[in-house]
2 protein chains.
Amino acid sequence: MAVLTRKQREVRDRESRILDVACEMLIEHGYHGLSMDRIAEVLEYSKGTMYQHFSCKEEIILALANASLTDRLALFRRAAAFPGRPRERIVAVGVASEFFVRLYPHHFRLEQVLRLSSVWEKTSPERRQFMHHCESQCVGCVSGIVRDAMASGDLTLPDGATPEQLVFGLWSMSFGAQTILASSTSLVDIGIGEPHRALALNQARLLDGYHWRPLSTEFDYEVTAERIATEWSADETKPADSQITSGDSTKTILSTKPTSASAT
Amino acid sequence: MAVLTRKQREVRDRESRILDVACEMLIEHGYHGLSMDRIAEVLEYSKGTMYQHFSCKEEIILALANASLTDRLALFRRAAAFPGRPRERIVAVGVASEFFVRLYPHHFRLEQVLRLSSVWEKTSPERRQFMHHCESQCVGCVSGIVRDAMASGDLTLPDGATPEQLVFGLWSMSFGAQTILASSTSLVDIGIGEPHRALALNQARLLDGYHWRPLSTEFDYEVTAERIATEWSADETKPADSQITSGDSTKTILSTKPTSASAT
DNA sequence: ACCTGAACACCGTTCAAGT
DNA sequence: ACCTGAACACCGTTCAAGT
């Protein structure tokens, strides 16, 4: 294996330190609080040096998002590998999503910023492609489960409907709920006390609407979700030092090692 | 009624002209393309004058969003007043949403920007409150229909579930789909050819999951949707001059006048 | 009373000059 | 070869000076 030179190590470390500081700034002061000036000032580099790592401010944001998305993909893959009936595996994906937002509470704010066309257009094709790769792989994970369900007879899609359409339903609902949630508009005064639970229940209803067996009225998926959650939580060892620098910090949860067998 | 002085008229006209130009800039060049400098330059006002109308750039964006939201509320109210069974009225709300995105294709980009905490925090309480008013009224429209369905026996919510939870499901799915759609990430290569149709079908499945009668398998809501759409389209007279200046331009569609009776 | 535009503080980005 | 920081163009916002 290639051993990095001292120089290369320095460069890599500096890059991760830039990302760490940028992430903190974004969490603390939002999009407008993130400035190249201030990152350079905190790290005591010159402004010019920043541009050797990232060609523009937007690239930093996309790099941060890609870091979280990599871990999300790992979580989704682990969920898809959950041993159980397809609908239980979908529940596992839901749990994975919840873990993800807990692990990266700031991620949805990154996505919000990146979805602004004036931001997106400034990013590099390479990083964009990586992001799309993660996204389509995540979609692929879920639509794979859908196909398994169809193969096993648990699910029969109506004429004209595709697995992707169903996945789009789950995705848009989850994405919408998380975005509404993240942007602080107090949901409580609209009457939603537990948004995460509300999301899970609505997703279950959507799948019921597709007649995906066993229906949520025939099987208690909430206990499945809790079992998966406690199982995965047990794998969380130490909270770890930094979120961005080393993907290692959360490696334990992200591995796809087999979990205990599930009830039918 | 109070007749405006010449001065007052001038001020009001100037304000609407500022909003018009700002809207164009946002559509054309995105968030970063909107600058106080350039608005002032186009309208040949001084930068200082801008701040007599809007205390900051973000206020302009929120004012634009409030203008569209006012019309959305009118559309939702008209939809809620649709004469038919509750589930048909929900379909009418869906059609209203589609009309809304056609009328204000830029609106979701405004919301995206406003949901950035660093933007939102700079806006005035008055305008924020107006936005929340519109939002909660829209939610209220829909949850009213849900309650009607419960009263008429078309819908029985499971223990612990609230009308608001169901509305949250519809809302998050719609919001998520529109946002994903608006931010250009080509959905086609994920396998979603007609996103709007996919959204409508998924919403129908969600309501089916709640056992809201008649189920989409028992009744063809697509023809209901088409009937409402053509009916409303007939009311669209002239395309009108400006979107923002006069709410009058779209008044015809937005009125809540009774429509023709619906099939059971 | 209203409007102006110079002035200020802060951006992102570049690049000639250093080491 | 790499790093620096002055310089540039462009922001949003303010406010003393005008009319």
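Naming convention: chains lettered A, B, ... in sequence-line order (proteins, then strands); numbering from 1 in each chain.
- The side chain of Cys56(A) lies closest to dT13(C) when the candidates are dC11(C), dC3(C), dT13(C).
- For the pair Glu44(B) and Ser55(A), nearest-nucleotide mapping onto DNA chain C gives the more 5' position to Glu44(B).
- Remark: P of dG12(D) and NE2 of His32(A) are 9 Å apart, rounded to the nearest angstrom.
- What separates NZ of Lys57(A) from P of dT14(C) is a distance of 15 Å, to the nearest Å.
- In this structure, Gln52(A) reaches the dC3(D) phosphate: one of its side-chain N or O atoms is under 4.0 Å from OP1 or OP2.
- Closest contact between the side chain of Asp37(B) and the listed nucleotides dC11(D), dC2(D), dC3(C) involves dC11(D).
- Glu111(A) and His107(A) share a donor-acceptor pair across their side chains, judged by distance under 3.5 Å alone.
- Computed from coordinates, the Tyr45(B) OH to dT4(C) C1' distance equals 14 Å when rounded to whole Å.
- Between the side chains of Ser183(A) and Gln112(A), no donor N or O sits under 3.5 Å from an acceptor N or O.
- For Ile192(A) against Phe168(B), the heavy-atom pair with the smallest separation is CD1-CB, 3.6 Å.
- Within the nucleic acid shown, Ile39(B) has no heavy atom closer than 4.0 Å to any nucleic acid atom.
- Between Leu34(A) atom CG and dC10(C) atom C1' there is a gap of 14 Å when expressed in whole angstrom units.
- A donor-acceptor contact under 3.5 angstrom links the side-chain atoms of Lys47(A) to the base of dT13(C).
- To the nearest angstrom, P of dG5(C) lies 16 Å from OH of Tyr51(B).
- Residues Gln203(A) and Ser174(A) have side chains that never bring a donor and an acceptor to within less than 3.5 angstrom of each other.
- Atom-to-atom, NZ of Lys122(B) to P of dC11(D) comes out at 15 Å; the value is rounded to the nearest Å.
- Residue contacts for Thr49(A): at a heavy-atom cut-off of 4.0 Å it reaches a base atom on one of the strands shown.
- No hydrogens or angles considered: a donor-acceptor pair under 3.5 Å links the side chains of Gln137(B) and Arg77(B).
- The distance between atom CE of Met50(A) and atom C1' of dT13(C), rounded to the nearest whole Å, is 12 Å.
- Remark: Arg14(A) is not in phosphate contact with dC2(D), judged by side-chain N or O atoms under 4.0 Å from OP1 or OP2.
- When heavy atoms are screened at a 4.0 angstrom cut-off, Ile60(B) is found touching no nucleic acid atom at all.
- Across all strands shown, the partner of dC15(D) is dG5(C), judged by Watson-Crick or G-U wobble contacts whose two distances both fall under 3.5 Å.
- If you take OH of Tyr31(B) and P of dG12(C), they are 13 Å apart, rounded to a whole angstrom.
- In this structure, dC10(C) forms no base pair with any nucleotide, since neither Watson-Crick nor G-U wobble geometry is met with both distances under 3.5 Å.
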